[in-house]
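First up is the structure itself, then whatever we jot down about it.
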Number of protein chains: 2
Amino acid sequence: MPTSKDVARLAGVSQSTVSYVLSGKRPISDPVRRRVEAAIEQLTYHPNAGARALAGSRTHVVGLVVPFGASADPAGLLPFIETITSGTREHDHDVLLVTADEGPSALTRLEGRRLCDAIVLMEVEADDPRIAVAAGLRVPVLLVGVPDDPRGLTCVDLDFAAAARLAVEGLVERGHSHLGVLGYPAGAVERDIGYVRRFTGAALAAAREAGVPCEVVAPVEHTADAAREAVGRVLTAAAPTLAAGGGLGLVVASGGAVPLVLSALGERGLVPGRDVSVVAMLPDASAAAMQPPVSNVSTESRDVSRRAVRELFRLLDGPGEDDDEGGGTTVHLVPPRLTHRRTTATWGPPG
Amino acid sequence: MPTSKDVARLAGVSQSTVSYVLSGKRPISDPVRRRVEAAIEQLTYHPNAGARALAGSRTHVVGLVVPFGASADPAGLLPFIETITSGTREHDHDVLLVTADEGPSALTRLEGRRLCDAIVLMEVEADDPRIAVAAGLRVPVLLVGVPDDPRGLTCVDLDFAAAARLAVEGLVERGHSHLGVLGYPAGAVERDIGYVRRFTGAALAAAREAGVPCEVVAPVEHTADAAREAVGRVLTAAAPTLAAGGGLGLVVASGGAVPLVLSALGERGLVPGRDVSVVAMLPDASAAAMQPPVSNVSTESRDVSRRAVRELFRLLDGPGEDDDEGGGTTVHLVPPRLTHRRTTATWGPPG
DNA sequence: TTGAAAGCGCTAACAG
DNA sequence: CTGTTAGCGCTTTCAA
């Protein structure tokens, strides 16, 4: 296996010149550069990652901590991992995968062994034990999710408050005079993932501002029975409004519950988009694929992950920008989009 | 950040002794070991991975090439990645994630830069362009999936032929006198993933041996219409048998089609487990969760991945066993299991 | 614009 | 059982 010494010999230059051709950290004359590049090609030379890391103290690796076992949304994990991985490669880095099961010690291991230059922590919970450890590391850490106390760390997440507002306002605009929010499964609530509170809190606030009554039913498990019961509760509360000819709008906070909610409505002879409206937190693709297509506020994990990659390399490549840099808490919230599909009805005079 | 030199100084030993305490490659007296371990603890020393790789030419990293974009079964990917990752950690290695989009050059990059000690290639296709490259590498490569020409590489996969046989024999035993195999979507067939042919071939062979007529309908897309049509075709072919009071057994090769096939049967008033039988290729958990629980031949990606990890480290830690070792093609097929649930009926006199 | 040389922190002979 | 030492293949001064 050829080394940079072999390349240097073949190109008739010193070894350091090979290094500089590769790193571009020094101006190189055209003839020399050409000879070196030819030699590299001819020998199919690849720089040894370990040696590079040792000498340069940059591994060109990003550690990605994935909550395999305990994800609130296992389906959303894969696009996330994919986007981080390919985004990271575009920045000439690789991804080292670590399971969250390893706990906080995974972080000290990654840092201590110099396995990576930065760490991405997925699905950070409101009160996540890893945050304290993460805050003490010398490698930059990027959190996906917003903990209660970000401790000077950089966070990226979907803007769940904006999402809730979007859903509520979208329904209010269309004349609905009673709202119901069907919440997250107990697992998510107990683990107290930050977005649960942010979402329901913002939904209630938006409804209050709009002067529209709003029921929150939570937790709602992803079972047919739980969906039935939750729907029943909202319908009961909304009964007076409905009797008076008002419109009921449902906000489904947990994408996985959507099919169950739809069938629960169906069982009662209620047609979404005609008798009630349903707006759900769902990726666009899933929302569009449903029968009928469901109005949704997008929860594109790809959008969030792309943003995460961007902020990650801003952390790594910076300082240099005039942005906030180095130690300051920054929370980047990715804006969601509302798309009305077949499950939104319009009530009364357009508003 | 402390180095082994710091540990050595603190423990009053030479640096190499620290190394040997850690690696266990040399007998160490108890007092020395204790002192070294105390020093390691006190300094929270972690060995530098780059230095270790450079000096020892072992990275303790496994490269995992994941077909993010082009997986036949995206849901199966995640448990696979998880199992490989945690299994790898149990062997004191980490996982470097690479997307299959990077193509064969990902392999030369992993090897050339010495980024890993071994490579796992997921979802290998029958005629996979990466195989030729993989076969030329010096790092061991483990294939998940069996290509037409394994070129001396080690493969691990579910035994799809056995799975097909199991399904067919399970139905024949229960007195079914006509079988229908509903195949894979065209995407899988075109990409010519090895298991497509292995599965349908073995199903036909098993049916022939049993002397039971068998229709294969393929490709079958994962759409309601395609499922309806496929079911229609099998029912037409089986009409004489059914008229004579015989039983029809359906084998659904592609897990994703199961709900569609069930509703297609439902539309015709056919109740699985009473009027027809259905056995599907599905993970046990999904099969059990369906309404009704579906008889299944297991396609546990966890079983396959665990086996993959085993064979991977046999490759890495060996030679040493009396097993086949070093360069010999080995195909490890993980046996599937058939579980009868609610969708299998029994016909005629028990067999 | 280029070269020479000093490490980075570890492993693994070799020498006791 | 333990210490000494020569690298592993780079990056990066320092010198020209």
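First the proteins, then the strands, lettered A, B, ... as listed; each starts at 1.
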Sort and list the pairs that fulfil ring-ring contact (aromatic ring centres under 6.0 Å, His included) and have at least one residue in [range], not counting sequence neighbours.
| range | answer |
| --- | --- |
| residues 105-136 of chain B | none |
| residues 98-149 of chain B | none |
| residues 47-81 of chain B | B:His60-B:His93 |

Dot-bracket notation for DNA chain C is requested: 5' to 3', Watson-Crick or G-U wobble pairs only, both distances under 3.5 Å, with ( ), [ ], | and . as defined. ||||||||||||||||
Suppose we screen for side-chain contact (heavy atoms from CB on, under 4.5 Å). Which residues come up paired with B:Val309, at least two apart in sequence or across chains?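 Result, side-chain contact (heavy atoms from CB on, under 4.5 Å) vs B:Val309: B:Ile84, B:His91, B:Phe313.
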Looking at residues at least two apart in the chain, or sitting in another chain, which of them share a side-chain contact (heavy atoms from CB on, under 4.5 Å) with A:Ser57?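 A:Ser57 satisfies side-chain contact (heavy atoms from CB on, under 4.5 Å) with no other residue.
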Partner residues of B:Ser4 under the side chain to side chain donor-acceptor pair (under 3.5 Å) criterion, sequence neighbours left out: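 Expected list: B:Gln15.
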Can you name the atoms? Protein N/O to nucleotides 14-16 of chain C N/O, anything below 3.5 Å, with the distance.
unit_1: C:dC14; atom_1: N4; unit_2: B:Arg26; atom_2: NH2; d: 3.2

When you measure from every atom of DNA chain C, which of residues 28-42 of chain A have a heavy atom less than 4.0 Å away?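 Contacts with DNA chain C under 4.0 Å: A:Ile28, A:Ser29, A:Val32.
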Got a sec, which pairs hit side-chain hydrogen bond (donor to acceptor under 3.5 Å, both in side chains) with one end in residues 26-38 of chain B, sequence neighbours left out?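 Output for this query is empty, none listed.
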Distances under 3.5 Å between protein N/O atoms and the N/O atoms of nucleotides 5-8 of chain D, please, pair by pair.
unit_1: D:dC8; atom_1: O2; unit_2: B:Ala55; atom_2: N; d: 3.3

Would you say B:Lys25 reaches C:dA12's phosphate, i.e. side-chain N/O to OP1/OP2 under 4.0 Å?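 It does, given that an N or O in the side chain of B:Lys25 lies less than 4.0 Å from OP1 or OP2 of C:dA12.
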Ignoring hydrogens and angles, write down the donor-acceptor pairs under 3.5 Å from the side chains of residues 42-50 of chain B, residues two or more places apart or on other chains.
unit_1: B:Asn48; atom_1: OD1; unit_2: B:Gly50; atom_2: N; d: 2.8
unit_1: B:Asn48; atom_1: OD1; unit_2: B:Ala51; atom_2: N; d: 3.0

